[in-house]
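Down below is the structure, laid out as structure tokens.
All values below come from the heavy atoms of this structure, side chains included, with hydrogens, waters and symmetry mates left out.
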Amino acid sequence: MIARYTRPEMQKIWAEGARYAEWLRVELAVCEELAKRRAIPRKDWLELKKKCDALLKRGGLDPARVEFHEAVTRHDVIAFTTALAEKVGPVARHVHFGLTSSDVVDSALSMQACRAADLLLAGIDSLIRELLKLARAHRKTATIGRSHGIFAEPTSFGLKFLGQAVEWTRNRERLERAREGLRYGKLSGAVGVNAHWDPAFESRVLKSLGLKREPVSTQVVPRDRHAEFMNAIAICGGSLERLAVELRHLQRSEVGEVLEGFGQGQKGSSAMPHKRNPISSENLTGAARLLRSYAQAALENIALWHERDISHSSVERVIFPDSTILLDYALHRMTRVLKGLEVRKARIEANLNAAGPTVFSGHLLLALVEKGATREEAYAWVQRCALAHLEGKKEFMRAIESDADIRKHLSPAEIRRRVSLKHQLRHVDAIFSAAMRESGLR
């Protein structure tokens with residue numbers, strides 16, 4: 001991922017040096033268990049551990065040295081073990097005993113992905129907090145709801161943000177499940193039959209690394225686990241875009257109900273000094289497209305030939321760092337947008353007033369049905385009044401109150417009772433309470 005969209009905390013997880021450090025931790029954990037079996041002489045083990053621990057404290061192997069050897073070997077894990085031997089000496093002969101490359105690479109990838117997921121979960125928590133602040137602040141703010149981009153019925157402005165917060169609790173649950181689904185490693189050898197040690201040995205080593213043993217592996221951990229992780233990230237991207245698109249629509253000149261923060265000295269357009277564009281929301285819409293694309297690549301990685309091929313390898317070198325780095329960036333950028341969001345209550349009220357009382361047409365329809373009119377009759381009567389209003393022929397309430405068919409069924413007081421924000425929004429508090437309770441929000 002390009003530096004522009006990379007936060008240092010996530011970058012550290014995926015740096016080449018960090019990758020080799022994880023490989024070394026896997027190798028060292030296997031050697032420790034072999035030493036307990038006395039398959040490695042105690043003296044050699046103590047020397048190996050001392051040198052490897054010191055190497056890890058310094059940040060691990062120099063990636064440039066691994067790359068130097070890979071230019072010759074054309075094999076990254078052999079290049080790694082060769083560079084390691086240069087640092088630790090003859091005791092390096094015990095490293096990679098009984099392992100195939102994917103034992104190391106797959107187990108280390110799971111460890112990296114779990115660490116990345118922890119950062120993402122923290123980012124989701126921050127986003128949810130900001131959404132809830134806006135939801136609570138605007139619970140009582142009445143706004144015009146829109147469907148198909150057209151005035152529909154009044155709603156609570158706070159519900160826009162509450163619905164997003166609840167959605168992000170589901171994203172959090174999905175990502176947690178996917179993290180647990182990927183918290184598996186394997187040390188079962190070239191074709192997964194534990195040819196060099198038993199499954200119990202494998203389980204002990206993996207447990208020391210914070211992983212669980214893949215029940216039935218080939219040369220690799222099955223890639224459905226990785227695809228689930230990527231799909232959880234892709235859905236997060238979809239949710240980010242849903243929020244971003246809502247904010248973009250609300251910032252349109254014709255709507256103007258919110259504005260993204262605009263700092264001192266910031267410029268909106270190179271050509272038009274008056275512009276204040278929704279650049280962050282647009283940026284995040286684009287980021288979501290990338291996040292979804294990684295899921296498709298991960299799905300195609302599931303089907304590998306026989307016990308293994310390496311068609312997945314080149315894909316995963318890109319999609320795991322890029323997807324987690326980009327989602328981490330996107331979560332933090334959206335959180336900043338929400339923190340600095342300018343909610344223009346006067347414009348919200350003006351738009352609601354501009355919609356006029358026609359937005360209560362559904363209540364009048366049902367009131368007429370309750371009084372005995374057929375639905376078809378009631379719909380036709382209310383619609384002709386609404387269309388007369390929209391065409392500028394007659395104000396809606398005057399049309400309703402003077403309509404002969406409607407007056408037979410509803411008194412003016414009954415009409416006024418239904419054409420009311422208080423009536424329309426009377427259950428908003430109950431929606432808030434139920435949503436908070438059922439989603440575990442506080």
Side-chain angles (χ1 to χ4, degrees), residues 12-13 15-112 114-115 183-214 217-221 308:
K12 288 177 184 177
I13 293 174
E16 280 295 280
R19 181 170 179 248
Y20 296 138
E22 298 290 19
W23 288 8
L24 182 52
R25 290 185 182 97
V26 174
E27 297 277 12
L28 203 57
V30 173
C31 289
E32 183 172 12
E33 195 65 27
L34 287 171
K36 291 176 182 177
R37 285 189 169 192
R38 300 187 180 179
I40 298 177
R42 179 170 175 75
K43 180 181 177 183
D44 285 4
W45 162 242
L46 292 175
E47 181 182 349
L48 178 64
K49 179 172 172 52
K50 181 179 179 181
K51 290 183 175 180
C52 288
D53 285 347
L55 189 60
L56 286 169
K57 284 182 181 179
R58 296 195 301 270
L61 289 172
D62 180 3
R65 194 60 186 166
V66 178
E67 291 168 11
F68 170 81
H69 289 296
E70 189 176 358
V72 177
T73 64
R74 304 293 297 274
H75 194 289
D76 56 353
V77 175
I78 294 174
F80 162 79
T81 57
T82 303
L84 181 63
E86 291 178 333
K87 288 292 185 182
V88 303
V91 291
R93 71 183 185 277
H94 301 296
V95 172
H96 210 65
F97 183 88
L99 297 174
T100 191
S101 297
S102 289
D103 288 331
V104 178
V105 173
D106 278 13
S107 298
L109 176 59
S110 293
M111 293 158 64
Q112 288 178 286
C114 286
R115 289 194 176 97
R183 198 165 61 84
Y184 282 79
K186 55 91 58 182
L187 305 167
S188 54
V191 292
V193 296
N194 289 94
H196 304 295
W197 44 60
D198 58 54
F201 176 99
E202 182 185 14
S203 292
R204 286 195 297 274
V205 175
L206 291 169
K207 185 177 181 180
S208 73
L209 295 167
L211 301 175
K212 294 178 279 188
R213 175 182 175 270
E214 180 60 47
S217 58
T218 57
Q219 193 175 112
V220 296
V221 172
R308 183 223 185 188

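- At least one donor-acceptor pair under 3.5 Å links the side chain of Glu27 to the backbone N or O of His96.
- We find the CG-CG distance between Leu48 and Leu34 to be 10.5 Å, quoted to the nearest 0.5 Å.
- Separation of atoms CZ (Arg38) and CH2 (Trp45) is listed at 15.5 Å; rounding is to 0.5 Å.
- Of the residues listed (Ile13, Val26, Asp106), the one engaging Met111 in a side chain to side chain contact (heavy atoms under 4.5 Å, CB included) is Val26, and it is the only one.
- Taking 4.5 Å as the limit, some side-chain heavy atom of Leu84 sits within range of a side-chain heavy atom of Leu24.
- Leu55 CG to Leu61 CG: the interatomic distance, rounded to the nearest 0.5 Å, is 5.0 Å.
- Comment: Arg37 does not engage Glu33 in a salt bridge, judged by the lack of any side-chain N to carboxylate O separation of less than 4.0 angstrom.
- The 12-atom threshold is not exceeded at NZ of Lys87, counting heavy atoms of other residues, nucleotides or ligands nearer than 6.0 Å.
- Below 30°, between 30° and 60°, or above 60°: for Trp197 and Phe97 the angle between ring planes is between 30° and 60°, a tilted geometry.
- Nearest heavy-atom pair across Val88 and Ala92 is CG2-CB, 3.4 Å.
- A pairwise comparison of heavy atoms in His94 and Pro41 identifies CE1-CD, 3.9 Å as the closest pair.
- Residues Val104 and Val30 form no side-chain contact, since every pair of their non-hydrogen atoms from C-beta on lies 4.5 Å or further apart.
- The side chain to side chain contact (heavy atoms under 4.5 Å, CB included) test with Arg213 singles out one residue from Arg204, Lys207, Glu202, and that residue is Glu202.
- Scanning both residues, Ser107 and Leu187, for their nearest heavy atoms gives OG-CD2, 4.1 Å.
- Between Ser188 and Ser217, the closest heavy-atom pair is OG-OG, 2.5 Å.
- A donor-acceptor contact shorter than 3.5 Å links the side chain of Asp103 to the backbone of Gly189.
- No donor-acceptor pair closer than 3.5 Å links the side chain of Arg183 to the backbone N or O of Lys212.
- Of the candidates Lys51, Lys50, Lys49, Lys43, Lys51 is the only one forming a side chain to side chain donor-acceptor pair (under 3.5 Å) with Glu47.
- Taking OH from Tyr20 and CG from Asp76, the interatomic distance works out to 6.5 Å, rounded to the nearest 0.5 Å.
- Here the side chains of Arg19 and Val66 are not in contact, with every heavy-atom distance at 4.5 Å or above.
- The line from CG of Leu209 to OG of Ser110 is 10.5 Å long, rounded to the nearest 0.5 Å.
- Between Ser102 and Arg308, the closest side-chain pair of non-hydrogen atoms falls below 4.5 Å.
- Between Ile78 and His69, every side-chain heavy-atom pair lies at or beyond the 4.5 Å cut-off.
- With hydrogens and angles disregarded, a donor-acceptor distance shorter than 3.5 Å links the side chain of Lys186 to the backbone of Gln219.
- For the pair His196 and Gly98, the tightest heavy-atom approach, listed with the atom from each and the gap, is CD2-O, 3.4 Å.
- You'll find the side chain of Leu206 stays beyond 4.5 Å of the side chain of Tyr184, heavy atoms only.
- Using a 4.5 Å heavy-atom threshold, the side chains of Leu28 and Asp53 count as touching.
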